[in-house]
Each structure stands twice: as C-alpha cells, then as structure tokens.
Amino acid sequence: MSDDATTPAIELVGISKSFGPVQANKDISMRVMPGTIHGIIGENGAGKSTLMSILYGFYKADAGQVMIRGKTAEIPDSQAAIAAGIGMVFQHFKLVENFTVLENIVLGAEEGAWLRPSLAKARKLLSRLSEDYELHVDPDARIEDLGVGMQQRVEILKALYRQADILILDEPTGVLTPAEADHLFRILEGLRREGKTIILITHKLREIMDITDTVSVMRRGEMTATVATASTDPSRLAEMMVGREVLLRVEKTPAVPRDVVLEIEGLRVVDEKKVERLRGIDLTLRAGEILGIAGVAGNGQSELLQVLGGMRAAEGRVTLNGRDLPLEGPRAGARFRRQAGIAHVPEDRHREGLILDFHAWENVAFGYHDDPAYARGLLMDNDALRRDMQAKIEKFDVRPADCWLSAKNFSGGNQQKIVIARELERNPDLLLVGQPTRGVDIGAIEFIHQQIVALRDAGKAVLLVSVELDEILSLSDRIAVMFDGRIMGERHPSETDERELGLLMAGITDTDADPTLDEIEANLDLTGQRTP
Amino acid sequence: MDKLPKWADVALIPLINLLLALLVSGLVVLLIGEDPVEALQIMVRGAVGSTYGWGYTLFYATNFIFTGLAVAVAFHARLFNIGGEGQAQLGALGVALVVLWVPWPHWTLALPAAVLGGALFGAAWAAIPAYLQARRGSHIVITTIMFNFIASALLVYLLVGALKVPGSMAPETARFPETTFLPTARDIFAAMGISFGRTPLNISFVLGLAACWATWLLIWRTRLGYEIRAFGQSESAAVYAGISPFRIIMLAMLISGGLAGMMAINAVMGEQQRLLQDNVLGAGFVGIAVALMGRSHPLGVLLAAILFGALYQGGAELEFETSVPREMVVVIQALVILFTGALDGMVRRPLSRMFLRFGRRRPAPAAGGE
C-alpha cells in the first residue's frame with residue numbers, strides 16, 4: 001500500500017474513444033492528485049465531457065485504463081462509479097422538480113422499502129454537511145421553488161450523501177451570478193480542505209486561475225498539457241486550448257453614437273402563464289453603438305429580444321428610425337421586423353436560428369426566403385441559395401466549406417457563423433444579438449466579436465444580450481442591467497466593474513453598501529421560472 | 001453521429017422491412033397448413049402476372065397514391081393526418097355532386113370540375129380539425145379520427161335521404177351519366193391496338209402520377225414547401241423566421257385534405273360510377289402506411305402505393321385460389337404495415353451501426369461527442 005498523498009485519486013492511462021469516424025478522445029493520460037482541485041479546460045468539442053462520461057460509466061472507452069486510488073477500476077455504469085466514490089454534478093441538473101430537497105437526495109439511495117428511516121438519516125447527515133461546507137439548503141423546500149444556485153448545491157449534496165470523495169463538476173458556473181459562483185468556489189475550497197478531490201470542467205480561464213491547483217488542457221480530443229496553475233497565465237492557457245495566439249480583449253475604437261435608431265418605452269410582456277416578464281422597459285439605442293444587456297438568465301432578456309425580433313406580442317411603444325413598430329397582431333411578426341431593417345441572431349441557434357436538418361444552403365435563406373433574389377417565378381431558386389451560401393462560407397470562413405452539409409453537422413462555432421453571416425450580410429439598421437458566443441470555441445469568439453464591432457463601426461445599432469459578463473464588458477459601449485423584468489441601471493463599461501454589475505444583476509441598486517450573501521440570494525429567489 | 005447513406009435509407013431499409021414482413025407472413029401461412037412458397041407465387045402472379053393483375057394493382061395503387069400523398073404533405077409539417085378516410089369520403093361527395101348536378105357533355109370537361117369538387121370537399125373537411133389545432137390546440141390526431149366517423153355518418157344520412165334515388169332501396173345515388181365515364185386502361189390500350197384486361201384502371205392513374213410530381217415540386221421547390229418543412233422541423237425556429245404557424249397548419253392540412261379528396265376521382269368517378277356508402281374501403285388508413293414506407297417522399301409514396309396495390313390484388317387472388325381465408329390476407333398486409341412503419345427502428349439501428357463500422361471513413365465535420 002503506497003502513501004495516500006502520492007497515489008493519484010484518479011489516473012487515466014491511454015484512454016481512447018471514437019464515435020464512428022469521430023475520435024473524441026485520443027490516448028489520454030492524466031493524474032489527479034487527492035485533495036486537489038484539478039481543472040480541465042478546452043474548447044467545445046475538445047472531448048472534455050466524453051472523458052468525464054467515461055469516468056462516470058456512461059461510455060466505455062475503446063482503449064485505456066482507469067485507475068482509482070492506484071487500483072485498476074472497471075466502470076461499466078454510473079452505479080459502479082458511485083460505488084467507487086465518484087460523484088458528478090451535471091451542467092443540466094438531474095433533479096425531480098416537485099420533490100423536496102431531502103427526497104431528491106435520498107432518491108436512488110433509499111434503504112429498504114420504507115422511506116421514513118432513510119429520510120431521517122439523510123436529514124441528520126444533511127445538517128452536518130451544511131455546517132461543514134457552507135452548503136445551506138432547506139431540506140424541506142421543493143426543488144421548483146429554489147434558484148439555480150441552490151439546486152446546484154442539492155446536486156453536490158446528492159453526491160456527498162453517496163459518500164463521494166471525488167467530485168466532478170461540468171461547467172458549474174454557466175448558470176450562476178458572479179456572487180453565486182464565488183460562493184460555489186468557497187464550498188469547493190471547503191471540500192478540498194476536507195481532503196476531497198475535485199475535477200472542474202470549464203471553458204472559463206478566470207475560474208481555472210482562481211481556484212484550481214492543476215490544470216489540464218484538451219484540444220481536439222487530445223490532452224495537450226497538464227501544468228500547475230501557479231506556473232501559467234490565462235493567455236498561455238488560451239493559446240494551448242486553441243493552438244495559436246488569441247486576443248482575449250476585443251480591440252475597438254470608442255463609439256461614435258449618432259441618430260437614435262431604437263426607442264423603447266414602457267414595454268410590458270405577460271407570458272402564457274400570466275407571469276409578467278417585462279415590467280416596463282425604457283431604452284434608447286443610437287446608430288454606431290453597442291448596448292449590452294447584462295443579467296442572470298431568466299430575468300426578461302430573452303423576452304426583450306423576442307419582442308423586438310417579432311416572436312412575441314407585447315404592450316408599450318417601440319419606434320425604429322422614428323416609425324412605430326406594431327407590437328401585436330399580424331403585422332408584428334418576424335417577417336415585418338426584417339423588412340423594417342432588424343436582423344436577429346437568436347439566443348438559441350438550435351431551437352430558433354437554424355433548421356438543423358436542412359442543408360447549410362437551405363439555412364442561408366431562413367427568414368429571408370421571400371426575398372425576390374431567391375425566387376425564380378413561383379419556385380425557389382435553389383442555385384441562387386447555394387451560390388449565396390458558398391460565398392458566405394468563404395467570407396466567414398465556415399468549416400467545413402461544404403454548403404451541402406446539414407446544419408447539425410457543423411460545430412457550434414461554425415453553426416453560429418452561418419447564422420451571423422446570414423444576419424449581418426443583410427446590412428441591417430439594428431442588429432439583435434443573443435448569446436453570440438454561447439457554446440462557441442475561443443477562436444470563433446474572437447471572429448464573431450470582430451464582426452459585431454465592424455457592424456457598429458459601419459454606423460449600425462447593436463443590441464447585445466449575454467449572460468457572460470466578460471463579453472458584455474468587453475463588447476458594449478453602454479451596459480444596461482436587467483433584473484426581474486426591469487432595467488436596474490445603465491453604466492459605462494469604463495466606469496463599472498464586475499462587482500457592481502453583479503450586484504445590479506442580483507437586484508441590489510445600492511451598490512455602495514456591502515450586502516450579505518443571504519440578501520443577494522433572497523433577491524435571486526424572486527426571479528426565475530417560478531410564478532409569484 | 002452521421003446517419004445512413006441516402007440510398008440505404010430510401011431503398012435498403014424498406015426492402016429489408018418488406019422481406020421481414022414476408023418471412024413472418026410465410027411462417028403464419030405455414031402455421032395454418034398452407035405452403036408459403038406457393039402462396040407467395042400465387043400472390044405475385046396474381047398481382048403482376050397479367051395485364052389483368054397489373055390493372056387491378058395499379059387501380060388500387062392510384063387510391064393509395066392520393067391518400068399516401070395526403071399523409072406525406074401533412075407529415076412534412078409534423079401534422080399526423082389520420083383523417084384521410086373521412087376526407088376521401090367527403091371528396092367522393094364533392095365529386096358526385098359535381099358530376100350529377102351538371103349535365104356534362106364530355107368527360108374531359110367533367111374531369112377538371114370533379115377534381116376541383118373532390119379536392120375542395122376534402123380540403124374543407126380537413127379545414128375544421130386544422131383550425132381547431134392551429135387556434136385551440138386540439139390535437140389533430142384526435143380530431144381527424146373523430147371526423148372520420150362524422151364523415152361516414154354524414155354520408156349515410158345523405159344517402160338514405162336527399163341523395164337517394166326516389167323509390168330505390170339501396171343507399172346510393174343515381175348512376176353517373178355515361179358521358180362522364182373516364183377512359184379505362186382497356187380503352188386506351190385498345191386504341192393503340194394492344195389488348196388489356198378488363199379492369200377498373202383508368203386515366204386517374206396518370207392524374208396520380210401528376211399529383212406525385214406536383215407534390216414534389218410543392219415540397220422541395222416552392223416557398224410554401226420550404227416553410228412547411230421548416231415548420232415541421234421546428235416550430236420555434238419557424239416563428240423566428242416569420243413563418244406563421246397558423247398559416248402553415250391551415251395550408252398544409254388543406255392541401256392534405258384536397259389530395260385525399262381527389263382519391264374519389266379514381267374510386268368513385270373511375271370505378272363505382274355512383275356514390276356508395278362505403279366508397280373509400282380503408283384506403284385512407286393504408287395511406288398512412290404508404291407515406292411511412294415512402295418516407296413522405298412523393299417517389300417513395302408512388303413505389304409504396306404500387307406495392308400495397310400489389311398486396312391488395314395478390315391477396316385477393318390468394319383468397320380466391322387457396323383456402324387461405326380473407327382475414328389471413330389482412331394479417332399479411334398488417335404485418336407489412338407493422339414492419340415498415342412501427343418496427344422501422346428495429347432494422348434501422350443495427351444497420352446504422354453496421355454502416356458506421358464498415359462505411360467509408362470520411363473525415364468528421366464536427367469533432368467531439370459532447
């Protein structure tokens with residue numbers, strides 16, 4: 001028996017995994033030392049999730065070995081992973097919405113036919129865990145009544161309840177505010193102190209720098225480097241991820257705002273469940289500027305984009321270049337918004353921006369299919385569509401450069417490039433952009449940001465919605481923060497910082513005072529998907 | 001993960017499904033003490049062994065082309081139109097009214113009017129479930145099924161009342177005037193000096209082929225077809241693109257109902273030459289299987305329709321020549337529907353895996369299995 005501190009908690013040796021012709025993992029070897037936080041960073045599609053799924057028993061590796069605490073381990077399914085002390089917190093939580101916290105924790109780990117003893121045992125353990133790790137959760141609250149940050153804690157508690165001492169977290173901060181993320185990191189640090197081993201999968205360089213001890217970089221299915229975090233810096237990591245030098249900040253000149261393009265007054269939206277999603281929005285947007293809307297997901301930004309894009313009815317007044325836009329009725333549809341000069345890069349390119357089963361060339365006309373340039377008599381001119389797509393593929397460097405490929409077979413970044421190409425080439429007066437770089441690799445992010453800034457420099461107005469504060473801060477000329485369907489305030493990016501924006505995003509306008517975390521959480525619990 | 005090559009999807013899988021269905025059917029035939037090989041021979045000979053067999057096969061196929069296309073068009077908009085049966089019955093009513101009310105001097109004039117009448121009545125019958133789906137969210141599967149019953153009841157009501165020939169005991173309309181009889185295959189081939197068996201196959205088959213081509217043009221070459229397919233793939237994306245769900249649901253169902261209604265040109269105007277109570281004979285439901293097997297593509301629908309026509313005709317011969325009962329023939333047809341429709345995935349998945357393993361190793365477009 002070797003010394004505990006020098007035996008890796010997890011050791012992977014030569015792991016390979018293919019899906020048909022796609023090799024997702026190529027000969028990966030990695031050591032995770034016990035009691036450390038080990039970051040795994042890489043672009044989308046680099047193979048991080050595949051690797052973790054092998055570790056958690058979802059996939060079987062084609063070749064290679066998994067060793068846990070120095071012993072070769074067979075992990076045919078997640079049961080075996082749990083038995084080996086591995087716990088996983090997924091990006092998309094796997095909780096039963098209408099069960100209580102306690103019921104969710106016990107689910108699948110009940111002892112015997114009667115529920116009561118298990119629940120009592122879990123309650124006792126839960127109170128101890130909350131003390132030890134700042135994991136405070138009301139055991140009797142229903143999941144649907146909790147905010148995302150709380151739900152994530154339940155996922156962590158679930159793993160700990162199953163006596164996991166190796167915890168894998170997949171992109172844990174994607175849905176959190178900065179304050180919630182900080183709290184999560186404090187929890188993780190507490191767990192590390194107790195000797196737990198943590199694997200953190202992320203694509204955010206800052207998180208890696210802040211909290212990990214060691215970081216492994218993945219690129220195109222291979223593990224390109226494993227280094228001590230203290231010995232590296234963000235730009236070196238980014239370079240290793242992408243394989244070339246990357247601009248982390250957007251290069252742009254100060255904005256030269258001109259005439260007002262978009263004016264929004266008292267915009268209100270009540271959704272199908274009679275919940276008020278927008279509670280009176282006032283905004284002004286000028287030509288030649290980028291207005292960034294910051295906020296935690298679910299605070300009305302999506303609805304704002306949908307209203308302006310003609311996908312949702314609303315009350316209030318919206319003018320574009322001085323002319324009123326109808327907000328209800330047949331002339332409020334997306335078709336008329338496009339005719340009025342609004343282009344829209346939607347938040348969700350899979351559900352909205354693209355028809356995934358269409359060829360790339362069919363998608364080039366999506367939304368503009370009644371353009372006479374695409375028509376030949378009563379029929380569509382498919383040759384014209386293909387020529388157009390091929391030209392855009394070249395201009396926007398979409399890869400692979402094949403207009404016959406189905407949209408679903410492009411990577412996230414290239415799918416987004418197809419949407420951006422389609423919308424930007426229309427040379428709109430107003431561009432609506434939602435989450436332009438969600439699930440997009442770093443190389444493509446740089447390109448997409450440059451395109452958006454170029455449109456602004458051409459004197460167009462851009463309304464940017466993003467949950468990534470970094471993106472808002474680096475791209476916007478002006479920032480409006482949304483919380484619970486209202487604009488909490490506007491700031492200039494040079495005169496604010498993440499802390500202030502984070503507080504506004506949590507609904508706290510008095511940004512000079514230092515509110516406690518509980519206050520922030522109490523506020524956050526008002527938002528989200530729940531009906532009041 | 002990339003899917004099968006196209007040829008395997010459109011040709012190989014239906015073929016394997018069909019062979020499996022025949023295999024199981026053979027076992028069933030064996031079980032009731034008949035010789036499956038002989039039974040198959042009789043079916044094939046009966047369906048395609050003579051001009052007589054071909055005539056009936058293609059006559060049935062014409063019905064299935066229209067009902068199959070009807071299901072296919074709606075399915076491109078992800079609407080499951082189970083109401084082909086009722087829409088075809090209403091189409092029959094439309095055809096009968098047009099043919100009986102106007103004293104047509106020649107069938108060439110009667111045919112376009114009857115096409116219009118059949119299509120309009122079929123479309124109108126589909127319009128109500130379509131509106132209920134588009135505006136009220138009532139599920140189209142449920143409403144179209146219910147409308148089949150209503151259509152059938154409505155026809156009985158009219159055929160024992162207003163439309164019945166006074167003094168007649170049979171619940172049917174008067175015979176159509178002879179000037180409106182459509183030329184049969186026998187007539188047409190006779191004019192060319194070729195003898196063809198006496199079958200109900202008539203000029204409607206050509207109309208069916210034209211309908212296939214027109215449907216192909218609609219779905220893959222027009223703006224409306226583009227919108228229908230986009231809506232069928234993703235409603236939220238359609239809304240983003242400014243495509244009105246209401247308009248697409250209505251139009252797709254109107255076209256679907258119109259196609260189903262046009263089946264009456266073949267069945268009622270071409271064969272029965274009067275409006276009977278049961279003029280559709282289940283072709284509306286067979287259309288679902290035809291569309292499924294034909295992958296909702298007009299060419300696939302055409303081929304599947306001919307296959308089902310052959311099954312019908314061959315089945316009839318089998319019943320005639322052996323002691324295999326009528327019900328057994330229905331069982332065989334049902335097995336084909338089961339294997340081509342419901343059990344499709346049973347063949348598809350192992351086949352996809354095989355193709356992935358042995359297929360050409362093209363460089364992957366998108367990396368990673370995340």
Side-chain angles (χ1 to χ4, degrees), chain A residues 17-25 43-50 53 59 220-221 306 309-312 330 333-338 344 346 348 350-358 362 365-370 374-375 378-380 382 399-400 402 405-406 408-412 414-415, chain B residues 1-6 9 75-78 137 213-214 216-248 295-296 349 351-370:
Chain A
K17 172 78 189 168
S18 304
F19 297 96
V22 182
Q23 186 145 31
N25 285 163
E43 295 183 286
N44 281 35
K48 305 175 300 244
S49 296
T50 306
S53 299
Y59 297 135
R220 291 197 201 139
Q306 285 165 355
M311 298 166 68
R312 188 187 270 278
R335 174 182 304 243
F336 300 97
R337 293 295 151 80
R338 288 193 173 81
H344 183 183
D348 190 334
H350 289 170
R351 277 173 40 82
E352 293 163 351
L354 293 167
I355 298 290
L356 291 176
D357 279 331
F358 275 15
E362 285 178 292
F366 197 51
Y368 303 98
H369 47 279
D370 47 5
Y374 294 139
L378 285 171
L379 304 181
M380 284 185 90
N382 288 349
R399 287 180 219 179
D402 179 2
L405 209 61
S406 293
K408 61 169 180 260
N409 291 334
F410 287 92
S411 70
N414 284 298
Q415 287 174 343
Chain B
M1 210 180 286
D2 220 312
K3 277 207 229 129
L4 288 167
K6 207 168 165 129
D9 185 43
F75 200 66
H76 276 289
R78 279 292 180 279
W213 178 75
W216 174 80
L217 209 62
L218 168 80
I219 296 293
W220 276 280
R221 286 293 180 271
T222 67
R223 228 160 23 226
L224 178 60
Y226 181 93
E227 293 187 345
I228 286 176
R229 284 183 297 132
F231 172 81
Q233 295 288 344
S234 165
E235 181 169 349
S236 51
V239 171
Y240 157 80
I243 296 167
S244 149
F246 176 76
R247 185 169 154 269
I248 296 301
R295 299 268 169 277
S296 296
R349 238 165 280 146
L351 207 65
S352 305
R353 230 172 288 141
M354 246 167 62
F355 268 97
L356 274 178
R357 189 157 308 161
F358 301 112
R360 285 172 298 148
R361 301 218 158 201
R362 279 190 310 168
E370 296 192 44

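Quantities reported herein were computed from a predicted structural model and do not represent experimental measurements. Proteins come first, then strands; the chains are lettered A, B, ... in the order of their sequence lines, and each starts at number 1.
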Atom pair CZ (B/R223) and OH (A/Y374), whose distance is rounded to the nearest 0.5 Å:
12.5 Å
Atom group of A/R338 that falls short of 4.5 Å from chain B, counting heavy atoms:
side chain
Rounded distance [0.5 Å steps], NE2 in A/H369 versus CD1 in B/I243
4.0 Å
What pairs with B/A237 under side chain to side chain contact (heavy atoms under 4.5 Å, CB included), at least two apart in sequence or on another chain?
A/I355, A/F366, B/S234
Checking heavy atoms, do the side chain of A/L354, its backbone, both or neither come under 4.5 Å from chain B?
backbone
Heavy-atom pairs under 4.5 Å with chain B - which of A/P330, A/A375, A/A365 has more of them than the others?
A/A365
Approximate separation, where rounding is to 0.5 Å, of B/E227 CD and A/D370 CG:
7.0 Å
Donor-acceptor check, side chain of B/Y240 to backbone of A/H344, threshold 3.5 angstrom: yes or no?
yes
So, B/Y226 side chain and A/E362 main chain: donor-acceptor pair closer than 3.5 Å or not?
yes
If you compare all heavy atoms of A/A334 against all heavy atoms of B/A241, which two are closest, and at what distance to 0.1 Å?
CB-C, 4.2 Å
Quick check on A/N25 against chain B: is it the side chain, the backbone, both or neither that has a heavy atom closer than 4.5 Å?
neither
Checking side chain to side chain contact (heavy atoms under 4.5 Å, CB included) for the pair A/M380/B/R221: CA distance, chi angles, key distance, verdict?
CA-CA 6 Å; A/M380 284 185 90; B/R221 286 293 180 271; over 6 Å; no
Using every non-hydrogen atom in the two residues, find where B/S236 and A/E352 come nearest and quote the distance to one decimal.
O-CG, 4.2 Å
With a 4.5 Å cut-off on side-chain heavy atoms, are B/T222 and A/L378 touching?
no
